[in-house]
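Structure, as C-alpha cells:
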Amino acid sequence: MQGGTRGGAAPAPHGLSQREAFSSLEGDSREAMDDRYDAKTIEERWQRVWEEARAWHVPNPDPTADRSRKAYVLEMLPYPSGTLHMGHVLVYTIGDVLARFRRRQGWTVLHPIGFDSFGLPAENAAIREGGHPREITERNIAHITREMKRMGWSLDWDRVMAAHTPEYYRWTQWLFLRLYEAGLAYRKAAPVKWCPRDQAVLANEQVHDGRCEYCGAEVEARNLEQWFFRTTRYADELLDALEGLDWPERVKAMQRNWIGRSEGAEVLFRIEELDRDVPVFTTRPDTLYGATFFVLAPEHPLVEEIAARMDDPEQLRAYVRRAAAKRGEERAAAEHKTGVSTGFHAVNPVNGERIPIWVADYVLMDYGTGAIMAVPGHDRRDFDFARAFGLPVVRVVEPAEGESELPYESKERSDRLVNSGRFDGLPVPEAQRAIVAWLAEEGRGREAVSYRLRDWGFSRQRYWGCPIPIVYCERCGEVPVPDEELPVLLPELEDYRPQGIAPLAGAEEWVRTPCPRCGGEGRREVETMDTFVDSSWYFLRYCDARNDEAPFKREIVDWWCPVDQYIGGIDHTTMHMIYARFFMKALNDIGLVGFREPFQRFFTNGWVQLGGTKMSKSKGNVIGPDELLEAYGADPVRLYVLFIGPADEDMEWTDEGIEGMVRFVRRLYRLVSEVAERAPRGEPPASALTRKAHETIAKVTDDIGRRLSFNTAIAAVMELVNELQRAGAEDPAARFAAETAVSLIQPYAPHVAEELWQRLGHERLWAEPWPEADPALLTRDTFELVVQVNGKVRDRIQVEASLSEDELVARAKASPKVQAHLDGGEIRKTIVVPRKLVNFVL
RNA sequence: GCCGGGAUGGCGGAACUGGUCAGACGCGCCCGACUUAAAAUCGGGUGGCCUGCGGGCCGUGCGGGUUCGAGUCCCGCUCCCGGCACCA
C-alpha cells in the first residue's frame with residue numbers, strides 16, 4: 001500500500017488506519033465469541049461450501065428449452081495483470097449481484113470468466129523482467145484467480161478460457177479463416193513506422209517528432225502488407241442498429257461519432273496535365289463554384305505520377321517523405337498548414353475553371369478519396385491554407401440578411417447561392433440537390449456517403465499474440481492453413497523483442513513450412529493478431545467452452561446469446577465493442593450464429609477515485625483489494641463499492657465510508673444473532689415492521705432487477721435494519737424482518753448472509769427463492785393525506801384509503817389548520833390527487 | 001466547432017411517471033447514556049435565516065416561462081466532465 005504518498009491530504013497512511021480498523025474489529029473481548037463478526041472465518045467457510053457444491057456451475061440446457069428466463073451476465077474480459085484493482089472489484093461485484101439475484105429468481109444464469117492473456121503488457125513485462133510472456137501470464141492468472149475467488153464472486157470456473165492457450169486460439173484462427181473465406185479479411189499495403197537503424201517496426205507511441213524513441217533515428221514510413229477486417233462493410237448497420245440496443249445514450253453517441261457517417265457527393269475533377277479523372281468527396285456540393293484550388297493527400301497515388309513528370313520533383317518528394325514520418329496526431333496538431341504546389345491543374349466540372357493542384361498533409365489519404373476540392377470561402381481549413389499561400393477566396397453562399405465574414409461555414413435554410421452561374425439564388429438545400437443532379441446527368445458526379453470508420457487493421461508485428469494461419473507460397477501465393485492443421489502453434493522463441501518486421505520472422509524453422517496446397521516451399525505469416533480479435537468472440541466460447549471439435553455449437557450459443565447484461569468500462573466503447581459487433585454480423589452472415597448483436601444491455605461502471613482523481617500507480621493513490629480484503633473482508637468491500645454512489649458514475653473512496661459499512665455489517669450480525677435466539681416464531685403479524693419488510697422486498701427487487709440502482713437497494717435494507725433494531729428482537733415480526741434483511745442483502749454480501757441464514761435455522765440461502773412482496777401488505781388501508789392551500793402544505797391527516805374524492809375534500813376542509821388558512825377566502829379550485837393530496841386554490 | 005452527460009446540505013448521495021413542509025441511506029459533526037477513563041456500542045440532533053418555541057420566511061448552478069403545484073417540463077445562459085475533430 002502506498003502509505004502516505006497520496007497528495008499529502010491524508011493525515012495517516014492508509015496502511016496504518018486500516019490496521020487500526022482491523023484490530024478494533026477483533027477488539028471487543030466482552031462480547032460473546034459467537035456474536036462477533038469475523039469476516040475471514042465466515043468468508044473462507046462459505047467459499048469452501050460453494051466450491052464443494054459447485055454452486056456456480058451451470059450445465060448447458062437442452063437447446064429447445066424455454067429461454068425466456070435465462071440471463072447471460074458478463075463482465076468485460078480482464079487482462080491478467082499481477083493483481084486485482086478497484087476497477088475489477090466494482091465491475092465484478094455489479095455482475096455478481098445481478099447473477100446471484102437472477103439465480104434466486106429461478107433464472108438460468110451464465111456468469112463465466114476468462115482472461116485476455118495475449119498482448120503487449122505481458123510481452124513488455126517479460127522484456128522488462130527477462131522471463132517468458134507465457135510464464136508471467138500464467139503466474140498472473142493463477143494469482144488473480146485466487147483473488148477473484150476470495151472476493152466471493154459467483155463465477156462458473158468450469159468454463160474458464162484464456163486467449164493465449166492453444167485450446168482457445170485454435171478457434172480464433174478457425175474463425176479468422178471463415179472470415180477470410182467470406183472476403184471479410186484481406187491484406188493490403190498500409191504504412192507503418194520503420195526505424196532504419198534498429199531495423200524494426202515501431203508502434204505509433206514510439207515515434208516522437210518523427211524520430212525513433214530508442215535511437216533517435218529519423219523514422220520512415222514503410223508500406224507493409226497488413227491484415228484488415230472489412231468492418232466498413234457493416235458501417236450502416238453498426239450505426240442504425242444502435243437504435244435497438246439498451247445502452248447508455250452517451251455510449252451510443254460515442255459509437256455514432258466513431259462511425260462518423262456523412263452524406264454528400266463524389267465529384268470528378270479532370271487533371272489536365274495527366275488527362276485523368278480524380279474523384280473528391282464533399283459534403284457541400286452547393287459550394288462547387290467556390291473551389292479555387294485542389295489538394296491531394298501526400299500518400300495519394302497520383303502524387304508520384306505528378307512528381308515523375310515535374311522538372312524539379314525533389315521539393316515535392318521531400319515533402320511527401322516528411323509527411324509520412326509524422327504521426328497522425330502530429331499532422332493534426334501542426335500550427336500552420338504546410339503544402340507544396342505542383343504546377344498541375346484540375347478542371348472544375350461545373351464551370352470548366354482550371355484550378356491549381358497542391359499536395360498538403362491536411363488532407364488525409366484514408367478519408368473520402370484522399371483528394372479534395374478546396375473551397376476557402378466556406379471551409380475553415382481551406383481558408384487557412386489559402387491565407388498561408390495567397391490563394392483566392394470566393395464567396396458562393398450568402399445569408400438571407402446581414403453580413404457574414406468568410407469563411408462562412410453555416411448553412412441555414414435561408415442561405416442562398418451567389419457567384420454560381422445558373423444556380424444563383426437557390427437556397428442551399430435545393431442547390432445541393434440541383435448540382436448533384438446536374439453532375440449525375442453529365443456523368444461527373446453522384447450522391448455519396450463517407451464514413452470516418454476504417455477497416456480494422458488487426459495484424460501486429462509482435463510475438464505474444466495469436467498466429468495468423470496463412471502460408472505464403474511462391475507458386476500459389478497466399479494460402480490458408482487447412483482446418484485440420486490448426487492450431488498453428490506459437491513457437492517458443494528465445495528472443496521475442498520487437499525487431500525486424502516481426503519477432504516470429506526470426507523463428508526460421510517455424511516459418512518454413514510446406515505449402516498446404518502444392519506442397520512446395522512456403523513461409524508462414526509472421527505477424528500476429530490484435531488482442532481485440534480474441535475478445536471479439538470469447539463470449540461465444542463460454543457458451544460451449546470445452547468443445548474440441550468446433551469453437552462452439554450454434555444451437556448452444558443461440559440459446560445463451562446475446563449477452564443480456566454486459567458490464568465494463570466506457571473506455572472500450574469504440575474499439576472492442578465495435579469489433580465484437582462487427583464479428584457478430586459477420587458470423588451471422590456466414591451462418592455460424594443466429595443473431596447480429598452481441599450485447600443487448602450494457603452497463604458502464606464508473607471509476608473509484610481517491611483524492612478527486614482516478615486511482616493510478618503513477619499518482620501513488622492506489623488502494624489495493626488485497627489490503628482491503630485483509631482489513632475488512634470481502635462482504636464489506638463489496639457492499640461499500642456499490643453503496644458509495646451510483647455504480648455508473650465516478651465515486652470517491654473514503655476510509656471513513658468503508659468503516660461505516662463494517663459497522664453496518666457488524667450491527668446486522670449482532671442484531672440477527674439476537675433475533676435468531678430470542679425472537680418469537682410463527683406467522684408475522686400485520687404490523688408496521690412486517691409492512692416495512694414487504695416494502696423493502698419490493699424496493700430492492702426493483703432497484704436490482706429493473707433500475708440497476710445498487711446503492712439505493714442497500715440503503716433500503718439499511719432502513720429495514722434500523723426499523724428492526726428500533727422494534728427489538730422480541731417483536732413478533734422481528735424474525736420475519738431479520739430473515740428478509742438477510743435474504744435481500746445476500747447478493748451483495750453473500751458470505752455473512754449465508755452465515756446468518758444458517759443461524760436463523762435455514763440453509764443454502766444462495767439457492768433460496770428470491771422473496772416476493774405481498775401486494776396486500778403494500779397497499780395500506782390508511783394513508784397520510786397532504787392538504788395544501790395555494791400549493792403550500794398546511795396539514796397532513798391520516799385517512800382511510802377507501803374514501804372517495806368528495807370525502808377526501810370534506811376531510812381536508814374539516815382540518816382546523818386548513819380552516820385557518822382558508823379563512824375569509826373563496827375556494828376557486830380544488831385539486832385532488834388520489835391517495836396523495838388535496839390542494840385548495842383561493 | 002459538433003455530439004453526449006452533469007450541477008441538490010459540511011461530504012457521498014436520495015427523491016423512478018410534475019404531487020408527502022426536498023434532503024432517504026451513509027459519512028462527518030454536536031449532545032446524551034454506558035465506562036474510573038477511553039474505544040466500541042446504544043439513544044437523540046444536524047439545509048439556512050428568524051422565532052414569542054405555536055411557528056414563519058428562504059432554499060436543488062443562473063435568468064425567465066408553463067402549471068393549482070417544478071429538483072423533475074419548456075426557453076435562454078454559466079460552469080464542469082466525457083467523446084469526436086485538419087474527417088472535406
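Naming: A, B, ... by sequence-line order, numbering from 1 per chain.
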| OP1 or OP2 of B/C2 less than 4.0 angstrom from a side-chain nitrogen or oxygen of A/Arg261, does that happen here? | no
| query | If only side-chain N and O atoms of A/Gln788 are considered, is one of them under 4.0 Å from the OP1 or OP2 phosphate oxygen of B/C68? | reply |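 The answer is no; no side-chain N or O of A/Gln788 sits under 4.0 Å from OP1 or OP2.
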Could you work out which one of [options] sits closest to the side chain of [X]?
X	options	result
A/Arg707	B/C16, B/G43, B/A88	B/C16
A/Glu249	B/G83, B/U41, B/G4	B/G4
A/Val841	B/A85, B/A88, B/C68	B/C68
A/Asn257	B/C16, B/C68, B/C3	B/C3
A/Arg670	B/C42, B/C3, B/G13	B/C42
A/Tyr367	B/A85, B/A88, B/G13	B/A88
A/Tyr362	B/C86, B/C42, B/G13	B/C86
A/Asp361	B/A88, B/C86, B/C68	B/C86
A/Leu837	B/G19, B/G43, B/C68	B/G19

What interatomic distance, in whole Å, is found between [atom1] of [M] and the corresponding atom of [N]?
N	M	atom1	value
B/C42	B/C74	P	45 Å
B/U20	B/C75	C1'	30 Å
B/G69	B/G59	P	15 Å
B/A38	B/C31	P	13 Å
B/G18	B/U60	C1'	15 Å
B/G71	B/U66	P	16 Å
B/U35	B/A22	P	42 Å
B/C21	B/C27	C1'	26 Å

Sugar-phosphate only, base, or nothing, as touched by [X] at under 4.0 Å among non-hydrogen atoms:
X	value
A/Val363	base
A/Thr573	nothing
A/Lys337	base
A/Pro248	nothing
A/Arg454	base

| request: Would you kindly check whether a donor in the side chain of A/Arg250 faces an acceptor in the base of B/C3, or vice versa, at under 3.5 angstrom? | output: no
May I have the distance from [X] (atom [atom1]) to [N] (atom [atom2]), rounded to whole angstrom?
X	N	atom1	atom2	value
A/Tyr451	B/A88	OH	P	13 Å
A/Ile372	B/C86	CD1	P	14 Å
A/Arg452	B/C86	CZ	C1'	13 Å
A/Gln609	B/C81	CD	P	12 Å
A/Arg284	B/C2	CZ	P	15 Å
A/Ile570	B/G6	CD1	P	12 Å
A/Met254	B/A85	CE	P	11 Å
A/Asn839	B/A70	CG	C1'	14 Å

When you compare the protein's N or O atoms with those of nucleotides 21-27 of chain B, which come within less than 3.5 Å of each other, and at what distance?
residue, atom, partner, partner atom, Å
B/A24, O2', A/Glu719, OE2, 2.7
B/G26, OP1, A/Asn722, ND2, 3.2
B/C27, OP1, A/Arg663, NE, 3.4
B/C27, OP1, A/Arg663, NH2, 2.9

Under a 4.0 Å N-O cut-off, is there an ion pair linking [X] with [Y]?
X	Y	value
A/Lys692	A/Glu719	yes
A/Glu249	A/Arg256	yes
A/Glu800	A/Arg811	yes
A/Asp38	A/Arg36	no
A/Glu730	A/Arg678	yes
A/Arg322	A/Asp361	no

| message | I'd like to know whether CZ of A/Arg454 has more than 12 heavy-atom contacts from other residues, nucleotides or ligands below 6.0 angstrom. | response | yes
| task | Decide, for B/G54, between syn and anti: a glycosidic angle within 90° of 0 counts as syn, anything else as anti. | result |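 B/G54: syn.
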| note | Glycosidic torsion of B/G9 (syn if within 90° of 0, anti otherwise) classifies it as syn
| field | Proximity of A/Tyr640 and A/Tyr632 rings by center, below 6.0 Å | value |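 No, ring centres 6.0 Å or more apart.
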| For the rings on A/Phe603 and A/Trp247, is their centre-to-centre separation under 6.0 Å? | no
| task | Specify whether A/Phe389 and A/Trp358 have parallel, tilted or perpendicular ring planes, treating 30° as the upper limit for parallel and 60° as the lower limit for perpendicular. | result | tilted
| task | Describe, in one word, how the ring planes of A/Phe710 and A/Tyr748 are oriented to each other, choosing from parallel (under 30°), tilted (30 to 60°) and perpendicular (over 60°). | result | perpendicular
| task | Would you mind telling me which residue lines up with the more 5' stretch of RNA chain B, A/Val251 or A/Lys699, judged by nearest nucleotide? | result |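 Nearest nucleotide further toward 5': that of A/Val251.
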| field | A/Asn711 side-chain N/O to A/Leu642 backbone N/O, donor-acceptor pair under 3.5 Å | value | no
| task | With A/Lys337 as the cation and A/Tyr362 as the aromatic partner, state whether NZ or CZ is under 6.0 Å from the six-membered ring centre and within 45° of the axis. | result | yes
| message | Let's test your reading of the pairing rules: Watson-Crick or G-U wobble, both distances under 3.5 Å, then write RNA chain B as a dot-bracket string with ( ), [ ], | and dots. | response | (((((((..(((......[.....)))((((((.......))))))((((....))))..(((((..]....))))))))))))....
